Amino acid sequence: MRKKTLLLFLCFAVATAFAAPGAVLAKKVVKLGFIGPFSGGSAYEGLGAKNCFDLAVKQANASGKYKYKYKVIFLDDESTPATGVGAALKLTSDPKVIAACGHWNSPVAFATIHIFHRFKMPFMIWACMHPDLTKQGYPEITRISSTLDVENKDLAAFVVGKLGYKRWSIISDPTVYGVANAENFGQAVKKNGGEVVSTDFAPVGTQDFRPILTKIQELNPDAIYSGNVVMEGALIRVQMKKMGMDFLYAANSGLYPKKFFEVTKDASEGTIVTKPGIAMEKLKAWKPFKKAYDEQGYKEPAGWYSLYAYDAANILMNAIEKVGPDREKVTQEIRKTVYDGLTGHITFNEDGQNVHTGNVIYVAQDGDWKIWEESDYATGKRKLPPIRSK
């Protein structure tokens, strides 16, 4: 009996000795937050970005290279400021959440950035484009995506300065995003020697743009600019075609999501948009990323702005790895970022804005975006709508 007892004791001691180091080396769990529209009209982009953020965290946890194990709290903002505020308060009130990333819609971000600042939580915006979001003097707020003023400037230089479409009608929504688009593009048109003959605003959710388009048709401009998000922008294009309006149609990257083609189908042909950075198809990291993304079985495709969420996750985790799970220290470390990611070279200026290197011009050709220089329109095989003001 004594021998059996002694043997059991020794076995237990040995097992405990080997188990103890594992317990000591167990990684501390660090929480991250992600907020986006997972329901409603912008869910297409929000879910794609959620997937990309999720993939980056899964890859980090599986790599064995990180000191901490990361867990993400995903919250739906429904593209509404009130819901976004509720999500921000939930994240900031949890001391285990060290950093967060969020928002597709600028109005939602304007409602939440003050909360993240108040609770001193680093917050990286992955898509909102209003330039003033990073001009509030909040060290916690950074933005990895581009701004609409830069995009509109480059777009106007191309469609007005290079292609020669001088007379423009603008349709936008009355949100801070839509108003800023209308103002910035209008200013850029004038700087390139063009003029804005009309500006109309229709609320987000508008289905029938025919009254506005009828007025524009009578004005007979060279082109129409959309300052809307993708659903409204797509509906405008469809209704233009149904009304026989053969005008050039252009927008910034708000219409770049593939949802545009799902709604417009053949009506998309010849639409011109911008996209910040470099062409996704030219990125060295695109193929291995796409392979890893597809292997996860995500239902929603990864669009351009979704890729910013992927890079944002890696930047947040890298900062935490360097300075530990401390909100204020992570805030300071993020501002020092020099990172070559999926979307290109990333650094932040004194406002916390990612410093971008221009925009790519795309044209809709055969149901997809084609880099302008590689398109049939650039070579003259296909023709854009006529310039009426000549």
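Sequential numbering from 1 along the given sequence is applied to the chain's residues. As the structure is a computational prediction, the values presented were derived from the model and not from experiment.
- Counting heavy atoms from C-beta on, the side chains of K28 and P325 come closer than 4.5 Å.
- The environment of NZ in K329 is sparse: at most 12 heavy-atom neighbours from other residues, nucleotides or ligands sit within 6.0 Å.
- Using modelled atom types, no side-chain atom of Q296 and backbone atom of A292 make a donor-acceptor pair closer than 3.5 Å.
- Within the 3.5 Å criterion, the main-chain N or O of C128 finds a donor-acceptor partner in the side chain of R143.
- L148 and P131 get closest at one heavy-atom pair: CG-CD, 3.7 Å.
- Judged by distance alone, the side chains of N354 and Y308 never bring a donor and an acceptor atom under 3.5 Å apart.
- Counting non-hydrogen atoms of other residues, nucleotides and ligands closer than 6.0 Å to CG of D266 gives a total of 12 or fewer.
- The closest side-chain heavy-atom distance from Q136 to I113 is below 4.5 Å.
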- Task: Apply side-chain contact (heavy atoms from CB on, under 4.5 Å) to T337 and T347, showing your working.
- Result: CA-CA 6 Å; T337 294; T347 58; over 6 Å; no

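- When only modelled atom types and interatomic distance are considered, D154 and T274 share no side-chain donor-acceptor pair under 3.5 Å.
- Checking S169 against S198 by side-chain atom types alone, a donor-acceptor pair falls below 3.5 Å.
- Cation-pi check for K50 over F38 is met; the charged atom lies under 6.0 angstrom from the ring centroid and within 45 degrees of its normal.
- Without hydrogens or angle criteria, S253 side chain to Y256 main chain gives no donor-acceptor distance under 3.5 Å.
- Paired with K90 under the rule side chain to side chain contact (heavy atoms under 4.5 Å, CB included), one option of V85, L75, V97, I35 passes, and it is L75.
- Clustering ILVMFWY residues whenever any of their side-chain heavy atoms sit less than 4.5 angstrom apart, transitively, puts V197 in a cluster other than the one holding I216.
- The distance from the CE atom of M121 to the CZ atom of R327 is 3.5 Å, given to the nearest 0.5 Å.
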- Task: Before giving the answer on salt bridge (Lys or Arg N to Asp or Glu O under 4.0 Å), spell out for R382 and D366 the whole-Å C-alpha distance, their side-chain angles and the decisive distance to 0.1 Å.
- Result: CA-CA 11 Å; R382 302 191 196 194; D366 298 326; 2.8 Å; yes

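- Counting only N and O atoms by type, the side chains of Y310 and Q59 include a donor and acceptor under 3.5 Å apart.
- Side-chain polar atoms of E300 and N51 form a donor-acceptor pair below 3.5 angstrom.
- Residues Y70 and E321 have side chains that bring a donor and an acceptor to within less than 3.5 angstrom of each other.
- For K190, the NZ atom sits in a loose shell: 12 or fewer heavy atoms of surrounding residues, nucleotides or ligands are nearer than 6.0 Å.
- Here the side chains of M231 and Y44 are not in contact, with every heavy-atom distance at 4.5 Å or above.
- Residues N184 and N152 bring no donor and acceptor atom of their side chains to less than 3.5 Å of each other.
- A salt bridge does not link E218 with K215: none of the charged nitrogens is closer than 4.0 Å to a carboxylate oxygen.
- Ion pair D208/R210 flagged as a salt bridge, since at least one NZ, NE, NH1 or NH2 atom sits closer than 4.0 Å to an Asp/Glu carboxylate oxygen.
- Classification of K120 and E328 as a salt-bridged pair fails, no side-chain N sitting under 4.0 Å from a carboxylate O.
- The residues E333 and K322 are annotated as salt-bridged, a charged nitrogen and a carboxylate oxygen being separated by less than 4.0 angstrom.
- Residues F348 and T134 have side chains not in contact (no heavy-atom distance under 4.5 Å, counting atoms from C-beta outward).
- In this structure, OG1 on T147 lies 7.5 Å from NZ on K135, to the nearest 0.5 angstrom.
- Put simply, the side chain of V330 reaches to within 4.5 Å of the side chain of V323, judged on heavy atoms.
- Note on K370 versus E374: no salt bridge recorded, every NZ/NE/NH1/NH2 to OD/OE distance being 4.0 Å or above.
- Taking all atoms of both residues into account, the shortest heavy-atom contact from N359 to E151 is OD1-CG, 3.3 Å.
- Relative ring orientation between F185 and Y225 is described as parallel, the plane-to-plane angle staying below 30° on a 0-90° scale split at 30° and 60°.
- Only one option out of W104, W126, F53 pairs with Y305 in a ring pair (Phe, Tyr, Trp, His ring centres under 6.0 Å); it is W104.
- Residues V189 and I170 are not in side-chain contact: their nearest non-hydrogen atoms beyond the backbone lie 4.5 Å or more apart.
- In this structure, D246 contributes its side chain and P385 its backbone to no donor-acceptor pair below 3.5 Å.
- Taking OG1 of T264 as the start and OH of Y249 as the end, the distance is 9.5 Å to the nearest 0.5 Å.
- Considering only heavy atoms from C-beta on, M245 stays 4.5 Å or farther from N220 through its side chain.
- Checked against a 6.0 Å centroid threshold, the rings of H103 and F34 do not count as neighbours.
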- Could you walk me through whether E269 and Y377 pass the side chain to side chain donor-acceptor pair (under 3.5 Å) check? CA-CA 10 Å; E269 193 70 22; Y377 293 94; 2.7 Å; yes

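- Judged purely by distance below 3.5 Å, without hydrogens or angles, the side chains of H345 and Y339 never pair a donor atom with an acceptor atom.
- In the hydrophobic clustering of ILVMFWY residues, with side-chain heavy atoms under 4.5 Å counting as a link, V230 and M240 come out together.
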- Kindly determine whether T142 and R335 satisfy side chain to side chain donor-acceptor pair (under 3.5 Å), including the steps that lead there. CA-CA 8 Å; T142 51; R335 289 301 184 99; 5.8 Å; no

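- Counting only N and O atoms by type, the side chains of N181 and S172 include no donor and acceptor under 3.5 Å apart.
- Rounded to the nearest 0.5 Å, atoms OG (S306) and CG (L55) are 11.5 Å apart.
- Below 30°, between 30° and 60°, or above 60°: for W369 and F261 the angle between ring planes is above 60°, a perpendicular geometry.
- Closest of all the heavy-atom pairs between T83 and T80 is OG1-OG1, 2.8 Å.
- I272 has its side chain out of reach of Y362: every pair of non-hydrogen atoms, C-beta onward, lies at least 4.5 Å apart.
- Atom CG of residue L219 and atom CD1 of residue I224 lie 10.0 Å apart, to the nearest 0.5 angstrom.
- Judged purely by atom type and a 3.5 angstrom limit, N228 uses its side chain to pair as donor or acceptor with the backbone of D173.
- In summary, the aromatic rings of F123 and H117 are positioned with their centroids too far apart to meet the 6.0 Å limit.
- Across all non-hydrogen atoms, the minimal contact from I334 to A319 is CG1-CB, 3.9 Å.
- Between the side chains of T331 and E140, no donor N or O sits under 3.5 Å from an acceptor N or O.
- When all heavy atoms of S226 and G233 are compared, the pair lying nearest together is OG-CA, 3.7 Å.
- R237 and S268 are not linked by any side-chain donor-acceptor pair at a separation below 3.5 angstrom, with hydrogens and angles left out of the test.
- Side chains of E232 and T206: a donor-acceptor N/O pair is absent below 3.5 angstrom, by distance only.
- A side-chain N or O of S389 and one of D222 form a donor-acceptor pair less than 3.5 Å apart.
- When all heavy atoms are compared, the tightest approach of L235 to Q207 is CD1-OE1, 4.0 Å.
- Between Y293 and F289, the ring center distance clears the sub-6.0 Å criterion.
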